[in-house]
Amino acid sequence: MVVLFVLSGVALFAGGNLSPGIREDRANRWVIAAFALIGFLNAYLPPYTDRKEFWTIDTDTIRWLGVVLFAAGGALRIWPVFMLGHRFSGLVAIQPGHSLVTGGVYGVIRHPSYLGLLVNSLGWSLAFRSGVGVLLTVLLIPPLLVRIGAEEKLLRAQFGDEYNAYCAHTSRLIPWVY
């Protein structure tokens, strides 16, 4: 609970928005509904299955690993929002004054916030020792990959060769793997 409240409090000051900006990929908005549905199920089902001892992974080590992953994933999810500030949108959009950020965590991975989402979700699931929660985390991957594709297409259209050069030396989601 402490980690959840700290991450929530920090997120209030992160500076992201839901602005469509000056250019948006509107065809991608369905992904938000998919994330919301999976997020709602993930908020409820892992604690429920833990309490009912249904499809749980039995060890306290798993539970504490989950807490650590939840905290690390939450920090990785919020950090890019602080780095991008007003340029970070919950929509796939180019904001006014948008520039390509290639330093910090973006020097290694192009979508750190999405990796943070996956690690955070997996951590939440493991904190409740929930096999159902792990499955829900896996279900985040398809819409996440669709969103990454839309975002990269928009960034490539906006920044052209500069974005292609950036892609040549960074990983999409998992450092040095993908």
Side-chain angles (χ1 to χ4, degrees), residues 3-29 31-32 34-35 38-39 42 65-127 134 137-178:
V3 172
L4 178 62
F5 284 120
V6 167
L7 288 172
S8 298
V10 169
L12 291 174
F13 301 99
N17 63 69
L18 281 174
S19 169
I22 58 174
R23 190 166 161 201
E24 179 197 358
D25 177 358
R26 294 184 59 84
N28 186 270
R29 284 193 174 189
V31 171
I32 296 170
F35 287 157
I38 294 168
N42 209 14
L65 173 64
V67 171
V68 169
L69 290 175
F70 179 74
L76 185 56
R77 178 89 170 122
I78 294 170
W79 181 13
V81 181
F82 276 103
M83 287 185 69
L84 296 178
H86 73 279
R87 293 170 296 187
F88 187 96
S89 175
L91 304 174
V92 176
I94 300 295
Q95 301 300 316
H98 208 120
S99 60
L100 188 61
V101 175
T102 60
V105 68
Y106 284 100
V108 177
I109 183 172
R110 294 192 298 274
H111 305 282
S113 188
Y114 298 151
L115 177 59
L117 172 67
L118 290 172
V119 172
N120 182 258
S121 178
L122 179 62
W124 174 265
S125 302
L126 293 178
V134 172
T137 298
V138 170
L139 289 176
L140 283 172
I141 295 171
L144 188 66
L145 293 177
V146 168
R147 182 158 172 111
I148 286 171
E151 193 170 297
E152 292 198 340
K153 181 179 176 186
L154 187 63
L155 290 168
R156 191 167 277 111
Q158 181 72 20
F159 297 108
D161 289 339
E162 182 184 5
Y163 190 73
N164 289 333
Y166 169 64
C167 291
H169 71 273
T170 57
S171 298
R172 183 173 280 134
L173 192 62
I174 302 170
W176 307 285
V177 176
Y178 174 76

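Here the structure is a predicted model, which means the values were calculated and not measured. In what follows, residues are counted from 1 in the order of the sequence shown.
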Value rounded to 0.5 Å, distance of CD1 in I32 from CZ in F35: 8.5 Å
Salt-bridge criterion met for E24 and R29 (N-O under 4.0 Å): yes
Minimum heavy-atom distance P20-A93, with the two atoms named: O-CB, 3.2 Å
From T137 atom OG1 to L122 atom CG, the distance as rounded to the nearest 0.5 Å: 5.5 Å
Where L154 and D25 come nearest, the two heavy atoms and their spacing: CD2-N, 4.4 Å
Whether S113 side chain and R77 backbone form a donor-acceptor pair below 3.5 Å: yes
Interatomic distance, R110 atom CZ to L100 atom CG [nearest 0.5 angstrom]: 10.5 Å
V101 and R87, any side-chain heavy atoms less than 4.5 Å apart: yes
Smallest separation among heavy atoms of L144 and L117, with atom names: CD1-CD2, 4.3 Å
Residues T170, T102; criterion side-chain contact (heavy atoms from CB on, under 4.5 Å); working and verdict: CA-CA 9 Å; T170 57; T102 60; over 6 Å; no
Minimum heavy-atom distance between G21 and P96, given as atom pair plus value: CA-CD, 4.3 Å
Candidate pair Y163 and E152, rule side-chain contact (heavy atoms from CB on, under 4.5 Å), full reasoning: CA-CA 9 Å; Y163 190 73; E152 292 198 340; 3.2 Å; yes
Interatomic distance, I174 atom CD1 to H111 atom NE2 [nearest 0.5 angstrom]: 12.5 Å
Q95 side chain vs S19 backbone, donor-acceptor pair below 3.5 Å: yes
Min side-chain heavy-atom separation R23-Q158 under 4.5 Å: yes
For the student: nearest non-hydrogen atoms of L126 and V134, plus distance: CD2-CG2, 3.9 Å
Working for side-chain contact (heavy atoms from CB on, under 4.5 Å), residues W176 and V108: CA-CA 8 Å; W176 307 285; V108 177; 3.9 Å; yes
Beyond-backbone contact of S171 with V177, side-chain heavy atoms, under 4.5 angstrom: no
Working for side-chain contact (heavy atoms from CB on, under 4.5 Å), residues V92 and V31: CA-CA 10 Å; V92 176; V31 171; over 6 Å; no
Sub-4.5 Å side-chain heavy-atom contact between L84 and Y106: yes
Student check: side-chain heavy atoms of Y114 and R172 closer than 4.5 Å: no
Any N28 side-chain heavy atom under 4.5 Å of L91 side chain: no
Under 3.5 Å donor-acceptor, S125 side chain and S121 backbone: yes
Pairwise side-chain contact, I94 with L155, heavy-atom cut-off 4.5 Å (strictly under): yes
Within-4.5 Å side-chain heavy-atom neighbours: L115 and P175: yes
